[in-house]
2 protein chains.
Amino acid sequence: MEPLPFLRALTPCDRCAVRKTSLCSRVNVDLQRDLARLSHHRTYRLGETVLAEMEATSFVGIVVSGVLRMQKSLEDGRQQLVGLLFRSDFFGRVFGGLSDYAIEAASDVILCCYERRAFERLTERFPELEHQLMLNTLDELDAARDWMLLLGCQTMPERVASFLLMLCRRGEPDEWVSGANLSIHLPISRRDMASYLGTTGESISRVIHEMSRRGIIKIRNAQDFEILNKRQLVRMSGRDDLSIRPAIAAQSSRSPYERLAAANGLPRSTGFH
Amino acid sequence: MEPLPFLRALTPCDRCAVRKTSLCSRVNVDLQRDLARLSHHRTYRLGETVLAEMEATSFVGIVVSGVLRMQKSLEDGRQQLVGLLFRSDFFGRVFGGLSDYAIEAASDVILCCYERRAFERLTERFPELEHQLMLNTLDELDAARDWMLLLGCQTMPERVASFLLMLCRRGEPDEWVSGANLSIHLPISRRDMASYLGTTGESISRVIHEMSRRGIIKIRNAQDFEILNKRQLVRMSGRDDLSIRPAIAAQSSRSPYERLAAANGLPRSTGFH
DNA sequence: CGCTCGGTTGAGACGGTTCAAGACGTGTGG
DNA sequence: CCACACGTCTTGAACCGTCTCAACCGAGCG
C-alpha cells in the first residue's frame, strides 16, 4: 500500500547525524529518496586510504563523522595536504576520470557513499543536485585560493593562527560566542597539520608554545587548547576577522577596505607583536 | 523570413577568436544564440581593475585576448596571485555575492562579458550551461590544489620550472612537439610572476639566469626564452611530465607510481642537479 | 619494564628575503 | 641622433626565518 505523502516511511537518512547540514538535505524530497536508496555507509580507520592518488574515483559521498584529508605528493616523498573534510562535507571528484589527490582518513571516519556513476546519472536527471554540487565546488575553490594566500605569503605564526581559527569555524559546532573562551580540539596529527600549513612539525610546535607563553592560548595537552585571547589570535592571523565568517556567506557584512591604509613597505616581522 | 537551420544568420560569435575553445562553444546552438545576444565586449589596459576584491560581481565572461590575474591581498600590502586567466578562460564568480579576489588586467585584454544575473538565469533554463561551468570550476579547483602543492613544498627552481612548463601548455598554442626547441613568452611582469610563485622578483631573476647558465634555457630578453633542454626542465620542475598533459585529461595515460620508489629522507637540495 | 611513536626542544645550517646599487631598455625632448 | 630619465630587471652582500638533525620527553602498550 502506497503511504500517504505525509506518512512516508522514514529513510535511514532521517536520523543521519549530518542530516541538517549536508548537501543531500538541500534538495527536494524525491531526490532525497533516490539518494537514500543509493547510499551505503563505509568506515575507515585512521591512516587508511579511501581513494588513492591517480586512481579512478569509484565512489563519492559525505563525511558523517571524523576527518578526511586530501593530499598530493611528489615522487620524492614530499607531501602537501590540499584540504581537510569535516562532517557533512562532500568528498570525491565527480565528472572526471582520475582524482589528482589521495583521500585518506585523518581520524577514524564514517562515510556515506554513492557509487560515482550512479550519482552522476542522478545529477543528469536532477539539475538541482548538480547546482548544489556547483555551490559546494565554488566554496571549495574559494577556500583553496584562500589557502594559497596563506601558503604563498604568510609567516608561520600567521599560518598557525589562521588554522586554529579555521578549526573554530569548521571543526565542531562549538560556542564561539563573542566574549567566551573557546576550546579547540586538534582532530589531526602534527604531521598532517604541518603538511597542511606547508611547514614542519617542529615549527608548529615552536609557534604553539610561543602562543602559550604569550597567554594567547592555554595548552591542555598536545591536541586540546583553550583560546584565552581571541582578539589577539585574530590579529596574529594577519587576516581580517572575517576568517570567522559563517559557512553561509553573510551578504556584504564585511567592511571592505576600512583598514586598507598601511600599504607596502613594512619590514618583515616575526608575526609576534 | 525565418532562415533555414543550416542558413541561420552568422552571429558575431562565429568569427570570435576563441570560438573553438571557450565554454560557450560547448553548448547547443539555441543556447549559443542566447549567449551571443547577452554578450558585449570590454577592453582594459594593463593594470586596470576588472573586478575589485570584495566587490559584488556585476559581470562574468570569457577572455578573448590578453591575460587576467586573480589576486588576493592582505591588509599590510602583501599580495598573492591565485590564478592567471588566458584566452578562452572563463572569469568571474557566479552564484555568490562577493568575489574574494580582485581580477585585474595583467596585460591589455579584450573580454567577452555577460551581465552576471542574466547569465545565472540562463544557467537555470539550460542545465547544460551549468554543467559546462561545473566542469570548468572542477578544473580550476584541481589547478588551485596543484598550485598549493607548489607553494607549500617546492623550491624556487622547481617553482620557476613548473611555471615555464605551465606557460607552454596554456600560454599560446605553440608547438611543443616532442623534440623541438620551444620559445616561451612571459605575458606578465616579474612582479606578477613572483607573486604567483610566492616569492620575490630577485629570486626569480637568479633562478632564471642560473637556468640559462646551465644551458636549460636561452634568454633572448627579459620576457622571451627558448627551451634548450626540455627534459631537464621537466626534471627540475620536480613533477611528473604530466604537467604537460593537455587540457582534456588523457584517461589514465599516466604511469601511476612507477617512480614512487625513493621515498622520504632525501637531503634538501638546491633544486639544481 | 622497556619499546615505540608522537611531540618538544635546542643548535647549527641554509634558502630566500631584504636592501642597495648597477645595468638595461625604452620613450621623450632637445 | 644623442642625452636624459624612468621603470624594470639584474646582481651582490648581509640578514633572518625556517628547516634539518639530533637529543629528549612522556604516554600508551605488549
Side-chain angles (χ1 to χ4, degrees), chain A residues 46-47 76-80 106-107 150-161 185-195 197-213 217 219-225 236 238 264-273, chain B residues 45-47 76-80 106-107 150-161 185-213 217 219-225 236 238 264-273:
Chain A
L46 191 163
D76 62 11
R78 282 174 292 177
Q79 296 189 323
Q80 176 67 32
S107 69
L150 182 145
L151 294 173
C153 59
Q154 294 202 268
T155 64
M156 288 312 148
E158 287 171 333
R159 297 186 198 194
V160 173
H185 174 74
L186 286 190
I188 58 174
S189 70
R190 281 284 187 285
R191 180 159 57 268
D192 281 347
M193 193 172 156
S195 163
L197 298 178
T199 181
T200 60
E202 292 91 328
S203 289
I204 299 214
S205 212
R206 286 183 242 275
V207 171
I208 285 188
H209 284 262
E210 179 62 27
M211 283 166 80
S212 149
R213 239 166 276 134
I217 61 172
I219 302 177
R220 265 203 271 279
N221 60 54
Q223 35 269 337
D224 286 288
F225 315 129
M236 179 181 290
N264 335 29
L266 306 183
R268 190 154 86 166
S269 80
T270 65
F272 294 112
H273 325 279
Chain B
R45 311 196 70 86
L46 192 163
D76 62 10
R78 281 175 292 177
Q79 297 190 322
Q80 176 66 32
S107 69
L150 181 144
L151 293 174
C153 59
Q154 294 203 267
T155 63
M156 288 312 149
E158 287 172 334
R159 298 186 198 194
V160 173
H185 174 75
L186 288 189
I188 57 175
S189 69
R190 281 284 187 287
R191 182 159 55 267
D192 281 346
M193 191 172 157
S195 164
Y196 200 24
L197 298 178
T199 182
T200 61
E202 291 91 331
S203 289
I204 299 215
S205 209
R206 285 183 242 277
V207 171
I208 285 187
H209 284 262
E210 180 63 25
M211 283 166 78
S212 148
R213 241 166 274 136
I217 61 172
I219 301 177
R220 265 203 270 281
N221 61 53
Q223 36 269 338
D224 287 287
F225 315 129
M236 178 181 291
N264 335 27
L266 305 185
R268 191 153 85 167
S269 79
T270 65
F272 293 113
H273 325 281

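Only heavy atoms go into these numbers, but all of them, side chains included; no hydrogens, no water, no symmetry mates. In what follows, chains are A, B, ... by sequence order, proteins preceding strands, each numbered from 1.
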In whole angstrom, what separates [X]'s [atom1] from [N]'s [atom2]?
X	N	atom1	atom2	value
Met156(A)	dT17(C)	CE	P	12 Å
Arg159(A)	dG17(D)	CZ	P	14 Å
Ile208(A)	dG7(C)	CD1	P	10 Å
Ile219(B)	dA23(C)	CD1	P	18 Å
Arg220(B)	dG25(C)	CZ	C1'	18 Å
Glu210(B)	dG12(D)	CD	P	12 Å
Leu46(A)	dC5(C)	CG	P	14 Å
Asn221(B)	dT10(D)	CG	C1'	14 Å

(request) List for me each residue that meets salt bridge (Lys or Arg N to Asp or Glu O under 4.0 Å) alongside Arg220(B), sequence neighbours excluded, and say none if there are none. (result) Glu226(B)
Under the side-chain hydrogen bond (donor to acceptor under 3.5 Å, both in side chains) test, residues paired with [X] that sit two or more places apart:
X	result
Thr200(A)	Ser203(A)
Arg45(B)	none
Ser107(A)	none

(request) Enumerate the residues from residues 193-201 of chain B whose closest heavy atom to DNA chain D is under 4.0 Å, giving them by residue number; use none for an empty result. (result) none
(request) Evaluate the side-chain proximity of Leu151(B) to Leu150(A): yes if any heavy-atom separation is below 4.5 Å, no if none is. (result)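 Of all side-chain heavy-atom pairs linking Leu151(B) with Leu150(A), none is under 4.5 Å.
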How close do [X] and [Y] get, counting heavy atoms only, and between which atoms?
X	Y	answer
Cys153(B)	Gln79(A)	SG-O, 3.9 Å
Ala106(A)	Leu46(A)	O-CG, 4.0 Å
Gly201(A)	Ala194(A)	N-CB, 3.5 Å
Val160(B)	Met211(B)	CG1-SD, 4.0 Å

(message) Using the rule side chain to side chain contact (heavy atoms under 4.5 Å, CB included), only one of Met156(A), Arg191(A), Met193(A) pairs with Ile204(A); which is it?
(response)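 Only match with Ile204(A) under side chain to side chain contact (heavy atoms under 4.5 Å, CB included): Met193(A).
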(message) Using a 4.0 Å heavy-atom cut-off to protein, can you give one letter per nucleotide of nucleotides 4-9 of chain D, 5' to 3': B if the base is in contact, S if only the sugar-phosphate is, - if neither?
(response) -----S
(request) To the nearest 0.5 Å, tell me how far Arg190(B) CZ sits from Gln223(B) CD. (result) 7.0 Å
(message) Would you compute the distance between atom CD1 of Ile188(B) and atom OH of Tyr196(B) and round it to the nearest 0.5 angstrom?
(response) 8.5 Å
Sub-3.5 Å pairs of nitrogen or oxygen atoms, protein against nucleotides 10-13 of chain C:
from    : atom 1 : to        : atom 2 : distance (Å)
dG10(C) : N7     : Arg206(A) : NH1    : 2.8
dG10(C) : O6     : Arg206(A) : NH2    : 3.2

Tabulate protein N/O versus nucleotide N/O from nucleotides 23-29 of chain D, keeping only pairs under 3.5 Å, one per line.
none

(request) Report the end-to-end axis angle of the helix from dC1(C)-dG30(D) to dG30(C)-dC1(D); each axis comes from five terminal pairs, and the value is rounded to 10°. (result)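 That helix gives 20° between its end axes.
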(request) Would you confirm whether Arg159(A), through its side chain, and Gln154(A), through its main-chain N or O, come within 3.5 Å as a donor-acceptor pair? (result)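 Indeed, once roles are kept as given, a pair shorter than 3.5 Å links the two residues.
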(request) Please identify each residue that fulfils side-chain contact (heavy atoms from CB on, under 4.5 Å) with Ala161(B), with sequence neighbours left out. (result)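 With neighbours one apart ignored, the set is Leu233(B), Met236(B), Ser237(B).
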(message) According to side-chain contact (heavy atoms from CB on, under 4.5 Å), who are the partners of Ser212(A), at least two apart in sequence or on a separate chain?
(response) Ile217(A), Ile219(A)
